[in-house]
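Quick note: numbers below take in every heavy atom, side chains included, and nothing from hydrogens, waters or symmetry partners.
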Amino acid sequence: MKGKIFLVIKREYLARVKKRSFLLATIITPLIFPTILGLFLWIAMSDVSPESRKFIEVVDENNAYFLENNESFTFSYGGLNREEARELVKDGDRFGLLYIPELNLDQPTGITFYSEEIAPISMITSLEAALKNKIEEFRLFASGIDPDVLSSLKTNIKISAVILGEPGGERVSNSVVNYAVGFLAGILIYTFIFVYGNQIMQGVIEEKSSRIIEILVSSLKPFQLMMGKIIGIGAVGLTQFLIWILLISAISSLVVGYFGMKMPQQELMEMSGQQELLPGASQEGLVEILRMVQGIDFIQLTLTFLIYFVGGYLLYGAFFAAIGAAVDSPSDAQQFMFPVTIPLLIAYMGLFIFVLDDPNSNVSFWLSIIPFTSPVAMMGRVSFGVPWEQLAISIGLLVAGFLFTTWLAGKIYRIGILVHGSKVGYKVLWKWLKDNG
């Protein structure tokens, strides 16, 4: 039995990796991300060049609000009236006009920005913030308070989060870093299950429509064929995913290096090597970064990702194979896709609403324990730290869930692959499950 399943796995794997579409997708997809990265870096660098500064004419009826130039804006105070300044904007000599009427400090209204094109939100926000600070300074003076004294009294507070453990085992955590890691891992598994699950369904439908499957089942049991197809396509996906990681990392390093920048891990290594040479403030920041990175158990994270990566795919892959066997065309499969995708959508929404916000809440716990939602939800929790007993329960239930869905889907697959031309509904599926007990 194992030998026959292996032959199906080999057939499915080689048939797909030798396809031109596989080679193109495997090579082109990693080029997309570095290309986008390079494009944004090029745009960002061109935006901060001196030539890209936006000249803004300021007409201030109060003759009091002088804004400081920065990397993005150069303010001009030419003593013009509003109409003269508007003509400069229309002629293209200025990007925009900031008009400040005589203001009531208690209710400053009427400030207007004129431009020939839509002003970026970041520009308006920056101008609002600059004027807000100026108006607050005037109001403080009017109240008899020195703004410099008030500014000197302000204190920045930063709380370091430390996870308690055994003596010497305490570790620093950072919610932003953990959030990013959990978000990325959860979304990758969600996407993988959908993309390669659909490939299983499409492959079964194509073989069923071409009657090739009838030849295959003459020498193979339907269950062997289904398992071989699920594992074979999963191996293709895993291979493609690993190649993408390697190529994206390598090409991104080249792109970032081209712009004279360094990858984060390179910066971290260089900084750690120069730790003793850094001044006190920088050294403290470096130590904090190193402690945050050390607080993430990358070995556990990688192993857990692979387990849920494979386990989630196998659990849902059996259902996709059963759906493909029960229908004759992709359009007929839509009615059966909804019940299968509901748990995945719940896991996806739960990842953002509950898991990443509070990984230790009751909802997050149950989402990461129930097999149909655990692949996505648990990956959102792992970077924050999950007790090993919860991981063991979740993985055990995931394996049990995979065995259950495979057994259930096998019943449908065994009959469905040989049925042609008849309309299959939920009543028919239920009949197949009962009659094939």
Side-chain angles (χ1 to χ4, degrees), residues 4-5 7-17 19 21-22 25 190-238 240 310-345 372 375 401-433 435-436:
K4 291 183 178 180
I5 293 178
L7 289 175
V8 178
I9 295 172
K10 182 178 178 182
R11 170 184 173 275
E12 292 292 335
Y13 184 84
L14 294 179
R16 280 170 168 76
V17 297
K19 284 184 178 180
S21 59
F22 173 84
Y190 174 84
T191 305
F192 179 82
I193 291 174
F194 257 116
V195 170
Y196 292 103
N198 271 285
Q199 284 194 18
I200 293 174
M201 186 181 71
Q202 294 286 349
V204 174
I205 292 175
E206 289 173 5
E207 291 183 352
K208 181 180 177 180
S209 300
S210 64
R211 302 297 179 99
I212 294 176
I213 207 159
E214 295 179 6
I215 300 174
L216 293 174
V217 296
S218 63
S219 57
L220 288 168
K221 292 181 180 180
F223 182 80
Q224 294 173 336
L225 185 60
M226 184 184 75
M227 286 300 300
K229 185 172 289 291
I230 293 172
I231 298 174
I233 294 177
V236 172
L238 202 56
Q240 194 172 53
V310 175
Y313 164 78
L314 293 176
L315 185 142
Y316 279 96
F319 278 141
F320 281 106
I323 293 173
V327 300
D328 293 324
S329 66
S331 59
D332 295 333
Q334 297 306 312
Q335 62 174 318
F336 301 118
M337 287 290 293
F338 184 65
V340 174
T341 55
I342 284 178
L344 277 174
L345 292 175
F372 295 101
F402 158 59
L403 296 176
F404 172 74
T405 58
T406 303
W407 170 77
L408 200 65
K411 289 185 170 188
I412 299 173
Y413 189 92
R414 196 172 295 122
I415 298 176
I417 56 173
L418 301 176
V419 175
H420 297 273
S422 61
K423 197 71 174 178
V424 178
Y426 288 105
K427 288 184 178 180
V428 176
L429 291 182
W430 178 246
K431 186 175 181 298
W432 289 354
L433 289 172
D435 295 346
N436 201 19

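- Closest approach of Y190 and L344 over heavy atoms only: CE1-O, 3.6 Å.
- Side chain of Y313 to backbone of I230: a donor-acceptor contact under 3.5 angstrom is found.
- The shortest non-hydrogen separation linking A322 to I412 is O-CG2, 3.9 Å.
- Evaluation of the side chain to side chain donor-acceptor pair (under 3.5 Å) test over residues 227-236, restricted to residues two or more places apart or in two chains, returns E12-K229, E207-K229.
- Under the 4.5 Å side-chain criterion, counting only non-hydrogen atoms from C-beta, L408 is in contact with F319.
- Here the shortest heavy-atom pairing between D328 and V419 reads OD1-O, 3.8 Å.
- We find the NZ-CD1 distance between K10 and I231 to be 16.0 Å, quoted to the nearest 0.5 Å.
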| said: Quick one, F372 with I342, criterion side-chain contact (heavy atoms from CB on, under 4.5 Å). Give me CA distance, side-chain angles, the key distance, then yes/no. | reply: CA-CA 9 Å; F372 295 101; I342 284 178; over 6 Å; no

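- A donor-acceptor distance shorter than 3.5 angstrom exists from the side chain of T405 to the backbone of L315, with no hydrogens or angles considered.
- Side chain of Y426 to backbone of Q335: a donor-acceptor contact under 3.5 angstrom is found.
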| Do M226 and T406 pass the side-chain contact (heavy atoms from CB on, under 4.5 Å) test, and can you show the C-alpha distance, the side-chain angles, and the key distance before you say yes or no? | CA-CA 9 Å; M226 184 184 75; T406 303; 3.8 Å; yes

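- Shown here for W432 and A326, the closest heavy-atom pair between the two residues is CZ3-CB, 4.1 Å.
- Between V8 and Q224, the closest side-chain pair of non-hydrogen atoms is not below 4.5 Å.
- Of the candidates V340, V424, L429, V204, I323 forms a side-chain contact (heavy atoms from CB on, under 4.5 Å) with just one, namely V340.
- Note that CG of D332 and CD of Q334 are 9.5 Å apart. Values are rounded to the nearest 0.5 Å.
- Crowding of F338 atom CZ: a count of heavy atoms from other residues, nucleotides or ligands under 6.0 Å not exceeding 12.
- Here the closest heavy-atom approach between residue A409 and residue A318 is recorded as CB-O, 3.1 Å.
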Please set out all donor-acceptor pairs under 3.5 angstrom arising from side-chain atoms of residues 191-203, sequence neighbours excluded.
unit_1	atom_1	unit_2	atom_2	d
T191	OG1	I187	O	2.8
Y196	OH	Q240	OE1	2.2
N198	ND2	F194	O	2.8

